[in-house]
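Read the structure below first, then the notes.
All values derive from a computational prediction rather than experimental measurement. We name chains A, B, ... by the order of the sequence lines, and we start the count at 1 in each one.
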Amino acid sequence: MGEIFVVVEHRKGEIREITFEMLFKARELCQTSSHNLTAILLGGKNSGFVDDLAKWADRVIAFEDNRLEIFNADLYKEILDRLIREHTPFLTLMGHTSWGMDLAPALSIRTGLPLATDCVDIQTEDGRPMVFRQIYSGKLFSKVSFKESPGYLITVRPGAFLPPDDVEESQGKVVRQELPAGLTEPKKEFIEFVDTGAGDIDIAQAELLVSIGRGVGEEENIATIRELADLMGATLSCSRPVVDKNWLPKFHQVGTSGKSVKPKVYLAFGISGAFQHVAGITGAGTVIAINKDRKAPIFRVADYGIADDLFKIADSLKEKLGNG
Amino acid sequence: MNIIVCIKRVPLTQEVDLEVDELKKGVKKDALAYVINDWDNYAVEEAVLLQEKFGGTVTAITIGDEDDEEILRRALAMGADKSIRIEPGERELDGFVISKILAKTIRDLEYDLILTGVQADDDNAAMVGTMLAEELGLSHAAVVTGMEPEGSDAIIRVELEGGMDEVSKIKLPSLLTIQTGINEPRYVSIMGIRKARKKELVVINVEDLGLSEDDLAQRTMIEEVFLPPETEGAEMIEGDPSSVASQIIQIIKEKGVSI
Ligand SMILES: Cc1cc2nc3c(=O)[nH]c(=O)nc-3n(C[C@H](O)[C@H](O)[C@H](O)COP(=O)(O)OP(=O)(O)OC[C@H]3O[C@@H](n4cnc5c(N)ncnc54)[C@H](O)[C@@H]3O)c2cc1C
Ligand SMILES: Nc1ncnc2c1ncn2[C@@H]1O[C@H](COP(=O)(O)O)[C@@H](O)[C@H]1O
């Protein structure tokens, strides 16, 4: 019987959702292949996380030290490397997040264990993990196997495994550990957090969002969609490339690195539906997507789809609303 | 400041009907148009901006076939000084093997900074960057949206989820994975690319790097590539734009929004 490690992700005194999503999936894997589930906490002194985590795992290994309060890949990878060598877990799960992208690949090289990133499903076949991921921004899926190894590292896509409200609580054993002696001096030093989401309007409060993506093509075209939004009394939002090109300010951006929105209706014009975008609209009541590519991934998450040129649809909408 | 920037050529797939190849290991590539990976374009621009400000050289590196030299010339046209292409032959490459090849190539070069993209637009792995950093024993940060050298350090900005950045100080030499939006990549003209033909483009064969078979063995293997199941999905509204527009307005009103 082996172990599954879940690396707890937290920020500013809160455990991040991805942690519970991983614990939930790991529990399911433990049940089918009788492994033990261990949550690994690297956090600040008296983080207050331990009790919560014990409800989700068979065991919590907790390092609580103020040097660990804010994620630091240098310290984290060194401690995790030692821990993984000591326990040889079958799987170690981390989030496919800003943390995970920094930590997991480096940890893979350090431990010598193979890594698959951004996985949306995990299975086991003949005692080895088999994962599913998306490529080409979700236009294709792939099934991926690993070279045989004593253990495997996996980063998990946020939102891929949503725990139900009534997860059965366990009473995990808490093992507190001191930081090992002789840790290397980190090469990175935290300075501050900066809020980048604030601005003139709050798209999170809007009832109706008209959202534009790279499909809008040119900066000049934004004006015609803005007119449509005004006619509808809607708020204008967008996907990341529109902000990257400085066509709209950052506070218009929907998605993991922008805002989560919860309008009654979300109209997506020329947005392909990458997971980082779609993660921001899970709270939307109804999603209507307009995209000229019938195979665009957005149509898998939208309620209604229109496979057509966005400008044709926008013009017709304007005509009807203008006259009505 | 000497900078190395790792770049990859990827197919444009957004408005294309992708077809799975016969072996079910990838897509049919013949009909696809290729470009520099979007994230890497920002990385090249960042390297060139830093070089313009602080001097030094920029070297662009790609592992790929002859066609992929197109993005090296593009990087040279943007202002890179030198470029290297590593020919992988028929080998299959995962992020691990790519990082091994890059590490071996870069190890003996002079550099203060290595830039990669956050992720490649084809495999969406976001893996090569910090694997390479660890291979070379460098400090690293992923998803970087700002970088300002300060003596033997750099002040960097890392993008976190939910509209939050983290500012920190990192020791050079360092590897940063660059996020889109960090700058505004310059326009590259055909003329510029033609002129850049005079700049250095070195080709190295992977077999000449002296990597072991274990280093060149993939850690993850694609077993199968397949189209997403068509079971779930949006209800498609068909018809001419005028009738589609009427239906959209009706849906919005039904959902309790007055327009
Ligand atoms: C760490 C990280 C964080 C990220 N955070 C975010 C985030 O918060 N928000 C976000 O949005 N993205 C985010 N991204 C980027 C994300 O991965 C995608 O690259 C991005 O969402 C793509 O935006 P898009 O759909 O507008 O563009 P594309 O993917 O280029 O899609 C454009 C779409 O427009 C369609 N189109 C083109 N012309 C027309 C036309 N005339 N009519 C109709 N349709 C047309 C095309 O068929 C295509 O589907 C993040 C990425 C990373 C790595
Ligand atoms: N074949 C390659 N040659 C050079 N650099 C690469 C290659 N593949 C990936 N990279 C770099 O690694 C980054 C992340 O790629 P990936 O881990 O594949 O998502 C890319 O943005 C590139 O900077």
Side-chain angles (χ1 to χ4, degrees), chain A residues 73 97-98 101-102 105-106 108-110 114-118 135-137 139-147 187-197 207-208 232-233 243-244 256-259 264-265 272 285-286 288-289 293 295 299-300 302-307 312-313 316-317 320, chain B residues 13-15 17-18 27 121-127 130-131 133-135 139-143 158-161 163-171 180-181 184 217-228 232-237 241-242 244-246 248-249 251-252 255-257 259:
Chain A
T97 56
S98 193
M101 289 183 217
D102 199 15
S108 165
I109 297 299
R110 194 166 279 214
L115 164 72
T117 57
D118 191 19
I135 52 179
Y136 301 107
S137 309
K139 287 198 79 163
L140 286 180
F141 288 10
S142 70
K143 181 179 174 188
V144 174
S145 66
F146 294 82
K147 184 165 185 259
K187 295 177 185 143
K188 199 173 90 184
E189 194 185 315
F190 172 80
I191 298 175
E192 61 174 339
F193 287 122
V194 180
D195 185 357
T196 57
E207 271 213 326
L208 180 62
M232 290 183 143
V243 173
D244 287 341
T256 52
S257 56
K259 286 210 163 131
K264 284 187 180 150
V265 181
S272 65
T286 300
I288 307 176
D293 180 0
K295 300 271 171 64
F299 291 134
R300 294 206 302 269
D303 300 285
Y304 298 95
I306 295 108
K312 281 194 200 153
I313 304 299
S316 290
L317 280 168
K320 296 211 182 297
Chain B
T13 56
Q14 279 317 327
E15 288 161 59
D17 262 347
L18 293 179
V27 284
D121 214 6
D122 49 2
D123 61 28
N124 304 149
M127 154 190 291
T130 63
M131 277 192 165
E134 190 67 22
E135 287 286 350
S139 66
H140 56 86
V143 201
V158 160
E159 178 184 283
L160 307 174
E161 288 74 22
M164 178 88 70
D165 278 359
E166 179 187 318
V167 181
S168 41
K169 188 167 161 170
I170 196 164
K171 283 201 169 47
T180 55
E184 284 185 69
Q218 297 191 99
R219 294 313 194 245
T220 52
M221 281 73 66
I222 293 182
E223 293 295 323
E224 191 186 340
V225 161
F226 52 99
L227 289 165
E232 74 238 64
E235 180 183 324
M236 299 304 282
I237 305 175
S242 167
V244 168
S246 301
I248 292 176
I249 292 169
I251 294 166
I252 296 174
K255 301 297 166 189
V257 184
I259 53 170

Counting only heavy atoms closer than 4.5 Å, note whether [X] contacts chain B via side chain, backbone, both or neither.
X	result
V243(A)	neither
K139(A)	both
T286(A)	side chain
S108(A)	side chain
D244(A)	both

Below 4.5 Å, heavy-atom pairs only: which of [options] has the largest tally toward chain A?
options	value
G163(B), P241(B), A142(B)	G163(B)
V257(B), V158(B), V27(B), L160(B)	L160(B)
D123(B), V167(B), I170(B)	V167(B)
G181(B), G233(B), P228(B)	P228(B)
K171(B), K255(B), M236(B)	M236(B)
E159(B), E161(B), E135(B)	E161(B)

Hey, does [Y] have a side-chain heavy atom less than 4.5 Å from the side chain of [X]?
X	Y	answer
S139(B)	K188(A)	no
L115(A)	R219(B)	no
F141(A)	L227(B)	no
Q218(B)	P114(A)	no

Under the rule for side chain to side chain contact (heavy atoms under 4.5 Å, CB included), what residues qualify as partners of V225(B), not counting sequence neighbours? I135(A), L140(A), S142(A), V20(B), I222(B)
Could you work out, with side chain to side chain contact (heavy atoms under 4.5 Å, CB included) as the rule, every residue matching D121(B), not counting sequence neighbours?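 For D121(B), the residues satisfying side chain to side chain contact (heavy atoms under 4.5 Å, CB included) (neighbours in sequence not counted) are S137(A), V10(B), N37(B), W39(B), N124(B).
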Just so I understand: if I count every heavy-atom pair under 4.5 Å between each of [options] and chain B, which residue has the most?
options	answer
K143(A), E207(A), K264(A)	K143(A)
M232(A), K312(A), K259(A)	M232(A)
D303(A), I313(A), I288(A)	D303(A)
V265(A), T117(A), V194(A), D293(A)	V194(A)
G197(A), A307(A), A302(A)	A302(A)
S145(A), S316(A), S272(A), A289(A)	S145(A)

Trace of the side-chain contact (heavy atoms from CB on, under 4.5 Å) decision for H140(B) with D102(A): CA-CA 7 Å; H140(B) 56 86; D102(A) 199 15; 2.7 Å; yes
Proximal component of A133(B), with respect to chain A [non-hydrogen, under 4.5 Å]: neither
Proximal component of E166(B), with respect to chain A [non-hydrogen, under 4.5 Å]: both
Before you tell me yes or no, could you show the steps for K295(A) and L18(B) under side-chain contact (heavy atoms from CB on, under 4.5 Å), namely the whole-Å CA-CA distance, both residues' side-chain angles and the distance that decides it to 0.1 Å? CA-CA 9 Å; K295(A) 300 271 171 64; L18(B) 293 179; over 6 Å; no
Below 4.0 angstrom, N of the basic side chain to O of the carboxylate: do R110(A) and E134(B) qualify? yes
Shortest non-hydrogen separation from [X] to [Y] and the atoms involved:
X	Y	result
K320(A)	I249(B)	CB-CD1, 3.8 Å
M101(A)	V143(B)	SD-CG2, 3.9 Å
A245(B)	L317(A)	O-CD2, 3.6 Å

